[in-house]
Amino acid sequence: MSSQPAAPSDSPQPRPTALVVRTTALDGILDSDAAALLRLLPPTGPLAWVRRGDGLVAWGEVARIETGGASRFAEAEAAWATMRAHAIVRDDITLPGTGPVAFGSFAFDESSAAGGVLIVPRVVVGRRGDRSWITTITTSDAVPTLSPVPSLADVVARAGGTTPITSPGAVTYVPGAVSDADWIDAVDEAVERIRAGRLDKVVMARDVVAHTTEPIDPRWLLTRLADSYTGCWTFSVDGMVGATPELLVRSEKGLVTSRVLAGTIRRTGGEEADVARAAVLAHSSKDLEEHEYAVTSVAQALEPFCQSLNVPETPFVLHLPNVLHLASDVTGVLCTSSGTAPSSLSLAAALHPTAAVCGTPTPVANELIREIEGMDRARYAGPVGWMGADGDGEWGIALRSASLDPDDPRRLRLFAGCGVVAASDPASELAETEAKLEPMRHALG
Ligand SMILES: C=C(O[C@@H]1C=C(C(=O)O)C=C[C@H]1O)C(=O)O
């Protein structure tokens, strides 16, 4: 693990470097449309978690905690606990997302070199309903002082956020780690293993690589995603961007929520035909089976942390512009007997990987993914989101997403996967991944 800020090395009695955090109201200043927050962002290193115009955008790095392996969540949690314990905070608003905030993104698999990261930004702008705010975070190795918060215009201008958002130009797509034909063979193999009784469900994913004629401005992707996929959480953390419909966990004042998705059908575009397809999906035994595994995995993972849990008996159909999903909102009340509720990140760690992105039983499915999927998922399908000083926060599953290439600004790696059960047909699963790639293809324009 590496983490900053570090205490000065020549200091005989190092005092832990404190975060100095100040939140003040910005009420009435921001535009109200879905992408208004995102337009404040600078082109490099944008941090975002936005849905229906509410959420957080941030930039700059006061601290960066890099972790890896099976302990990637626990290490991040411990480092954040230390930082927030030493933070000097003046928060005029005290809503979720005000005060100290860290954004995070974690690899799907513990063996991935992608590991995990928590980033503590320099500036955060947030909105929740009719409240909006700006938080500035600095460090103080000497005597901490709470300097006045500059105006939003000053801060945005300094971050370069007013630079025009630019198009990536023409886009060409090339196969990722595995060809379509090989991926179909892998799904075939997965179906065989399931039929042989080795497991019930496995999620198989693939990647596609986009090459663009102009450098990719992440704000181009984010604003287009937020405009079109309004019901999804548009995110950007450490080069991972997307608009996920799946909320791994939100914890807020002792209440915990998880939106579980599994079971998918492509939309046709026609209103009437889509209503008919929604009915087909809601009655498809294959999709209901996939969904049941995902809901059970979430309910089982949350149960030890909750004094009560509400698990819907039947899913609803979630309409997205590209697909329809079976969806269940699982809610619970966290146990308070031990005095402190678990943080949102530790809940995310306990939930990950759900059967919506891995399979059932989890260890067998995970092993099969390693054996036959043929690619490193990196941060795709891992938890992505943010956490505040009290540990509350929101973590999505990094789906409908892509990773920017740190070495090539004209290259983007897009990901999509789908649940495979005994009744799966490999060619239809390939078509389903194409439908799930649609948001990022649309984002590129
Ligand atoms: C794996 C993905 O999506 C997941 C798989 C789904 C399915 O198999 O029906 C539906 C939603 C997600 O839980 C993805 O979008 O890449």
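Keep in mind the model is a prediction, meaning the values are calculated, not measured. Indexing begins at 1, ligand by ligand and atom by atom, following the structure's order.
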In plain terms, say whether E371 and R193 are close enough for a salt bridge, that is, a side-chain N and a carboxylate O under 4.0 Å apart.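 Judged by the 4.0 Å cut-off on N to carboxylate O distance, E371 and R193 do form a salt bridge.
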
Can G263 be said to touch ligand 1, with heavy atoms closer than 4.0 Å?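 Per 4.0 Å heavy-atom rule, G263 contacts ligand 1.
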
If the contact criterion is a heavy-atom separation under 4.0 Å, does E432 count as touching ligand 1?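 So E432 counts as touching ligand 1.
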
Between the main-chain N or O of [Y] and the side-chain N or O of [X], is there a donor-acceptor pair closer than 3.5 Å?
X: R400; Y: L437; result: no
X: E432; Y: C418; result: no
X: R410; Y: T213; result: yes

Return the closest protein heavy atom for [atom] as residue, atom name and distance.
atom: atom 2 (C) of ligand 1; value: G417 O, 3.3 Å
atom: atom 10 (C) of ligand 1; value: T264 OG1, 3.4 Å
atom: atom 12 (C) of ligand 1; value: E246 OE1, 3.2 Å
atom: atom 16 (O) of ligand 1; value: Y380 OH, 2.6 Å
atom: atom 8 (O) of ligand 1; value: G419 N, 2.7 Å
atom: atom 3 (O) of ligand 1; value: R400 NH2, 3.2 Å

Tell me, do Y173 and L444 make a side-chain contact under 4.5 Å, heavy atoms counted?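 In contact.
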
Any idea which part of L399 is under 4.0 Å from ligand 1, heavy-atom wise: side chain, backbone, both or neither?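 L399 to ligand 1: side-chain contact only, backbone stays beyond 4.0 Å.
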
Numbering the atoms of ligand 1 from 1, which are under 4.0 Å from a heavy atom of A262?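 In order of numbering, the contacting atoms are 9 (O), 10 (C).
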
E290 neighbourhood, listing ligand 1 atoms whose heavy-atom distance to it stays under 4.0 Å: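 What qualifies from ligand 1 is 7 (C), 8 (O), 9 (O).
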
Which label fits H352 and F108: parallel for a plane angle under 30°, tilted from 30 to 60°, or perpendicular past 60°?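 It falls in the perpendicular class, over 60°.
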
Option passing side-chain hydrogen bond (donor to acceptor under 3.5 Å, both in side chains) with Y293 (candidates H291, E290, E289):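 Between Y293 and the candidates, side-chain hydrogen bond (donor to acceptor under 3.5 Å, both in side chains) is satisfied uniquely by E289.
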
From atom 4 (C) of ligand 1, work out which of A356, A416, C358, A327 has a heavy atom at the shortest distance.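 Among A356, A416, C358, A327, the closest heavy atom to atom 4 (C) of ligand 1 comes from A356.
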
Please compare K286, K436, R259 and report which has the shortest non-hydrogen distance to atom 6 (C) of ligand 1.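 Shortest heavy-atom distance from atom 6 (C) of ligand 1: K436.
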
Do other residues, nucleotides or ligands put more than 12 heavy atoms under 6.0 Å from R198 CZ?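 Not more than 12 within 6.0 Å, no.
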
If I compare all heavy atoms of N322 with all of A435, which pair ends up nearest, and what's the gap?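 Here N322 and A435 meet closest at ND2-O, 2.8 Å.
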
